[in-house]
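Let me begin by presenting the structure, written as structure tokens, before commenting on it.
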Amino acid sequence: SCLAACNGASIVTKYAENFTEEDLRNDIKRLSVKEFGEVLVVSYNRADVGQTGTGHYSPIGGYLESRDMVLILDTARFK
């Protein structure tokens with residue numbers, strides 16, 4: 001969030017201990033239907049999704065509500 005703010009972005013930072021899974025799902029749903037404007041970037045552990053490495057930041061590109069799945073736009077050039 002500091003890097004985004006230093007580059008002029010208006011940000012809202014949320015931490016897992018301060019909101020529920022349903023809160024996250026609602027944010028994803030709300031932001032995945034917008035054409036422009038807000039972007040949801042998540043920090044996650046790559047090992048939890050079967051990848052090599054540890055902590056990583058990626059934007060969420062979409063949401064498939066029928067399967068409760070998100071599209072993570074991975075920003076690592078080698079993945």
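For the single chain, residues carry numbers from 1 onward in sequence order. These figures come from a predicted structure and were not determined experimentally.
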Given side chain to side chain contact (heavy atoms under 4.5 Å, CB included), test Val12 with Glu38 step by step and report yes or no. CA-CA 10 Å; Val12 174; Glu38 296 176 274; over 6 Å; no
For the hydrophobic clusters of this structure (ILVMFWY residues joined by side-chain heavy atoms under 4.5 Å, transitively), does one cluster hold both Leu31 and Tyr44? yes
Test side chain to side chain contact (heavy atoms under 4.5 Å, CB included) on Phe19 and Asp27; report intermediate values, then the result. CA-CA 11 Å; Phe19 66 99; Asp27 282 348; 5.5 Å; no
Shared ILVMFWY cluster between Val49 and Val70, side chains joined below 4.5 angstrom? yes
For residues Gly53 and Asn45, report the shortest heavy-atom separation together with the two atoms involved. O-OD1, 4.1 Å
What's the spacing between Ile11 CD1 and Ser1 OG if we round to 0.5 Å? 4.0 Å
Where Met69 and Tyr63 come nearest, the two heavy atoms and their spacing: O-CD1, 3.3 Å
Quick check for you: to the nearest 0.5 Å, what is the distance between Arg30 atom CZ and Leu40 atom CG? 8.5 Å
Close side-chain approach of Ile60 and Val41, heavy atoms under 4.5 Å: no
For Pro59 versus Val39, what's the shortest heavy-atom pair and its separation? CB-CG1, 4.1 Å
Any heavy-atom pair between the side chains of Leu24 and Lys14 that's under 4.5 Å? no
Determine whether a donor-acceptor pair (N or O, by modelled atom type, separation under 3.5 Å) exists between the side chain of Asn26 and the backbone of Asp23. no
Counting only heavy atoms not in Glu21 (residues, nucleotides, ligands), do more than 12 fall under 6.0 Å from its CD? no
Which residues satisfy the side-chain hydrogen bond (donor to acceptor under 3.5 Å, both in side chains) test with Glu17, sequence neighbours excluded? none
